[in-house]
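Working notes for the structure below.
Just so it is clear: chains get the letters A, B, ... in the order the sequence lines come, proteins before strands, and each one is counted from 1.
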There are 2 protein chains.
Amino acid sequence: MTNSHVTEKAGSRETETAILEAARNLLAEGGLDALSMRAVAAQVGLSATAIYHWFEGKEDLVDRVVAHGFQRSEAYMRKSIEHIPAGSMERVSALGEAYIRFALENREYFKIIFAIQTPAPRHMEDVPGQGGYRVLRECVVEAMEAGNMRKTEPDIVVLYLWSLVHGLVTIFMACDPQDLLAETGCCEGLDERELTIGLFERFRDVVRIGLQPVEVTKGGPR
Amino acid sequence: MTNSHVTEKAGSRETETAILEAARNLLAEGGLDALSMRAVAAQVGLSATAIYHWFEGKEDLVDRVVAHGFQRSEAYMRKSIEHIPAGSMERVSALGEAYIRFALENREYFKIIFAIQTPAPRHMEDVPGQGGYRVLRECVVEAMEAGNMRKTEPDIVVLYLWSLVHGLVTIFMACDPQDLLAETGCCEGLDERELTIGLFERFRDVVRIGLQPVEVTKGGPR
DNA sequence: GGCGTTAGGTTAACAACGTTAAATTAACGT
DNA sequence: ACGTTAATTTAACGTTGTTAACCTAACGCC
C-alpha cells in the first residue's frame with residue numbers, strides 16, 4: 001500500500017463505512033449523476049476498483065445507501081411524534097408532515113428510492129422500518145383503538161395516507177404546479193417546503209372527515 | 001449514402017419520427033437502461049451520431065418521448081370518461097382508475113417521468129394536458145357545480161386526488177407491499193393491476209365522505 | 001527463515017456510453 | 001460546373017462500470 005491517505009484511516013470496517021459516507025455525501029450534493037465509482041473512490045482516497053472488495057458493484061453500494069436512508073427516515077418520523085399523545089389524529093397528521101419534511105430535506109436520497117430501476121419491486125419486509133409503513137401503522141391502529149378513527153382494516157388506511165403524502169411529495173419534486181395554483185392565492189411568497197406542507201394541511205380536513213368514526217356519518221347520504 | 005435501410009424510409013420528417021418510435025419501443029421493452037443512442041440508432045438503421053441532427057442530445061430525445069406519453073395519457077383518460085355523465089362523482093372516480101390503468105399499462109414510460117433528473121421541476125403549463133391535471137380539474141369543477149362535491153378551491157381537491165392515485169401507483173411500482181397486506185386477505189390471487197385498482201376502490205369511500213357537500217356534515221363533531 | 005495464505009488494495013485493460021468535429025454524399029439552384 | 005444545404009458517416013474523445021492480474025503487508029505454521 002502506497003497511499004498514506006488510507007493508511008491513517010484503514011480499519012477492518014472503517015473503509016467500508018468511509019465509502020458509504022462518501023457515496024451519501026456525493027448523492028446529497030450532486031444527485032445520482034454525481035455518484036460514480038471513481039468519484040466515491042476519490043473522496044475516500046482509493047482507486048475505484050478497491051470499492052469492489054467491499055461491495056458487489058455500484059448497485060450494491062446504492063442499495064446500502066438507500067437502506068441507511070430508510071433507517072434515518074424512520075428515526076426522523078418517530079422523533080417527530082414522540083411528544084404527541086398516542087391515539088390522537090394529531091399524531092397521524094404529524095407523521096404525514098414529518099414524511100414530507102424528511103423527503104424535502106433529503107430530496108436526492110428520496111428521489112433515488114423510486115428512481116432506481118430494480119428488476120422487481122422491493123419487498124417491504126426487507127426494507128428498514130418498512131419505509132415508514134410500520135410507524136404509520138402503529139399510529140393508525142392506536143387512533144382506531146382510541147375511537148378517534150373509524151375502524152376498518154388498518155393497512156388500507158395506512159396505504160391511503162401513505163399514498164397521499166408520497167404522491168404529494170413526488171409530484172412536487174417532478175413538477176412545479178405553482179402556475180396552476182396562482183388563482184388560489186395560496187402559494188404567494190412561499191417556498192417549496194412551505195407550499196407542500198401548506199397543501200398537506202389543506203388536505204387534512206378531507207382526510208379527517210373521510211376517516212372519522214362511523215357513528216357520526218350514519219345519517220349521511222349513504 | 002450507403003445504407004439502403006434509410007433510403008427506403010427517409011423523408012423530411014420520417015427519420016425523426018422513426019427515431020422517436022424506436023426510442024419509445026426500446027423504453028417500453030427494456031426500460032431506461034435499454035435506451036441508448038446506439039440502440040436507438042441500430043433500430044432505425046443509422047449511426048448513433050445521426051440522431052444529433054434531429055435532437056439536441058439524449059435528454060432532448062427523452063423529453064420528446066415523455067411529452068408524447070403525456071399526450072397519450074390525457075387521451076386515454078378522456079376516452080375512459082366520455083360515456084359517464086358530467087358532474088358525477090363516478091366520473092371523478094373513473095378518472096382516477098384510468099390514471100392507474102394507464103400507468104400500469106405503460107410502466108416504463110410512467111417511471112421515467114419522475115425518474116429523470118431534470119435541473120428543475122417541469123412547468124406544468126409546458127406539459128401536454130398538464131399531466132392529466134386539466135381533465136381532472138374539469139371533472140372536479142363539474143362535480144362541484146352539480147352539487148355532488150363540496151365547494152372549495154378546485155385546485156386543492158385536484159391535487160389531493162392526484163397525489164392519492166399518483167402515490168398509490170408510484171409506491172406499487174417501487175415496492176411490493178403484498179407481504180404487508182397478507183393479513184387483510186384482500187390481495188390473494190390478484191395480480192398487481194387488480195390489487196392496485198382494488199385498493200383504489202377501497203379508498204373511494206374515504207374520499208367520497210371527505211369530499212361530500214358541506215350540508216351533510218354540518219352536524220358532525222367539528 | 002521460508003513458505004503459503006489472506007486481506008486489502010493497485011494497475012491495466014475492456015466494452016459501452018454520450019458526444020463533438022471533421023469528412024462525405026446526394027440533391028438542388030444558379 | 002459550382003456553391004450550398006441537408007443528412008448522414010467516420011474518427012475520436014472523455015467518462016463510466018467492471019474484470020482480472022498483480023502487488024504488498026501481515027500472519028501462522030513448519
Quiz prompt | Contact summary for A:A48 and A:R38, nearest pair of heavy atoms | solution =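 Of all heavy-atom pairs spanning A:A48 and A:R38, the closest is CB-CG, 3.9 Å.
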
Does [N] have OP1 or OP2 sitting under 4.0 Å from an N or O in the side chain of [X]?
X: A:W54; N: C:dG9; result: yes
X: B:H53; N: D:dA7; result: yes
X: A:T15; N: C:dG9; result: yes

Quiz item: Should the ring pair B:F110 and B:H166 be called parallel, tilted or perpendicular, given that the plane angle runs from 0 to 90° and is split at 30 and 60?
Solution: tilted

Practice problem: Would you mind building the protein contact string for nucleotides 16-22 of chain D? One character per nucleotide, 5' to 3', B for base within reach (heavy atoms under 4.0 Å), S for sugar-phosphate only, - for untouched. | Solution: BBBB---

Practice problem: Could you check how far CD1 of B:I19 sits from C1' of D:dA7, rounded to whole Å? | Solution: 11 Å

Quiz item: Taking CD from A:E16 and C1' from C:dG9, how many angstroms apart are they, rounded to a whole number?
Solution: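 Value for this atom pair: 15 Å.
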
Quiz item: Between B:V157 and B:L161, does a side chain to side chain contact (heavy atoms under 4.5 Å, CB included) hold up when you go through it step by step?
Solution: CA-CA 6 Å; B:V157 173; B:L161 294 169; 3.9 Å; yes

Quiz prompt | Lys/Arg-Asp/Glu bridge criterion (N-O < 4.0 Å) met for B:E82, B:K79 | solution = yes

Quiz item: Would you say the side chain of A:E138 lies within less than 4.5 Å of the side chain of A:R78, judging by non-hydrogen atoms?
Solution: yes

Practice problem: Kindly indicate whether the side chain of A:Y52, heavy atoms from C-beta on, has any atom under 4.5 Å from the side chain of A:M37. | Solution: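 Yes, at least one pair of side-chain atoms sits under 4.5 Å.
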
Quiz prompt | Reference residue A:N106; test side chain to side chain donor-acceptor pair (under 3.5 Å); the match among A:R72, A:R101, A:K111 | solution = A:R72

Self-check item: Axis deviation across the helix from C:dG1-D:dC30 to C:dT30-D:dA1, five-pair ends, to the nearest 10°
Solution: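 Computed from the C1' atoms at both ends, the axes differ by 30°.
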
Quiz item: Step by step, would you call B:H68 with B:L20 a side chain to side chain contact (heavy atoms under 4.5 Å, CB included)?
Solution: CA-CA 9 Å; B:H68 179 253; B:L20 277 169; over 6 Å; no

